[in-house]
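The chain is numbered in sequence order, starting from 1. These numbers come from a predicted model, not from an experiment.
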Amino acid sequence: MKEEEKQRQQQEYNEYVKQVTPTRNLAWAMCRAFIVGGIICLIGQFILNIAINSGLDKDTAGSWCSLSLICLSIVLTGFNIYPSFAKWGGAGALVPITGFANSVAAPAIEFQKEGQVFGIGAKIFTIAGPVILFGIFSSWVLGLGYWIGGLLGIF
């Protein structure tokens, strides 16, 4: 009898989860991500073209473009515009450099009332920290593998 009760509770729970889980249209979500990512790329290309036309070389213009997109993302995060943009656009707004800047700025803005050290300093990399950590670690592992491969004559 206990087993039947467990199964009934599990079935009720599964039905509840199905009711409260939002349904998404995958095709529409992909279209929104494409549109938002495209707009970000369009803005970046516009900044890059302006920088190149003002006489900067390609590398310097690319740096200015990246810095401008990061600054724009942080300003829009500060005015609480970028989170709405990211919610609508999904991965299209979260994957580019602007999404990474948003993930660093948002916790810093949210916890600034707790002070410079315990607020901003402690919480600034809450979301971006794991990305930085695993990015650096995987680069190290791949670099070590490449170095060993070079010693063994594989690469």
If you count every heavy atom of other residues, nucleotides or ligands that lies below 6.0 Å from [X] atom [atom1], does the total exceed 12?
{"X": "W147", "atom1": "CH2", "answer": "no"}
{"X": "R8", "atom1": "CZ", "answer": "yes"}
{"X": "F134", "atom1": "CZ", "answer": "no"}

Supply the atom-to-atom distance [X] [atom1] to [Y] [atom2], rounded to the nearest 0.5 angstrom.
{"X": "N25", "Y": "R32", "atom1": "CG", "atom2": "CZ", "value": "8.5 Å"}
{"X": "S84", "Y": "L76", "atom1": "OG", "atom2": "CG", "value": "10.5 Å"}
{"X": "I74", "Y": "T98", "atom1": "CD1", "atom2": "OG1", "value": "10.5 Å"}
{"X": "Q7", "Y": "Q10", "atom1": "CD", "atom2": "CD", "value": "9.5 Å"}
{"X": "S68", "Y": "F46", "atom1": "OG", "atom2": "CZ", "value": "11.0 Å"}
{"X": "Y82", "Y": "S103", "atom1": "OH", "atom2": "OG", "value": "9.5 Å"}

Are [X] and [Y] connected in the hydrophobic side-chain network, where two residues link if heavy atoms are under 4.5 Å apart?
{"X": "I39", "Y": "F79", "answer": "yes"}
{"X": "L94", "Y": "L42", "answer": "no"}
{"X": "I97", "Y": "F85", "answer": "yes"}
{"X": "I43", "Y": "V75", "answer": "yes"}
{"X": "W28", "Y": "V36", "answer": "yes"}

Quiz item: Is N53 reaching over with its side chain to a backbone N or O of N49, donor-acceptor style, under 3.5 angstrom?
Solution: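 Answer holds: yes.
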Quiz item: Is a side-chain N or O of T60 found less than 3.5 angstrom from the main chain of D57, in a donor-acceptor match?
Solution: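 Looks like no, no N/O pair under 3.5 Å.
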What are the two closest non-hydrogen atoms of [X] and [Y], and how far apart are they?
{"X": "L69", "Y": "I40", "answer": "CD2-O, 4.3 Å"}
{"X": "L48", "Y": "G62", "answer": "CD1-N, 3.6 Å"}
{"X": "A61", "Y": "A51", "answer": "CB-CB, 3.6 Å"}
{"X": "T77", "Y": "P83", "answer": "CA-CD, 4.3 Å"}

Exercise. Verify side chain to side chain contact (heavy atoms under 4.5 Å, CB included) between W64 and L56, making sure each step is shown before the conclusion.
Key: CA-CA 9 Å; W64 275 103; L56 296 175; 3.6 Å; yes
Exercise. Consider only side-chain N and O atoms of N102 and S73, and report whether a donor and an acceptor are under 3.5 Å apart.
Key: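 No.
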Quiz item: Quick one: are V141 and S139 in side-chain contact, heavy atoms under 4.5 Å?
Solution: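 The answer is no, as the side chains (C-beta and beyond) never meet within the 4.5 Å cut-off.
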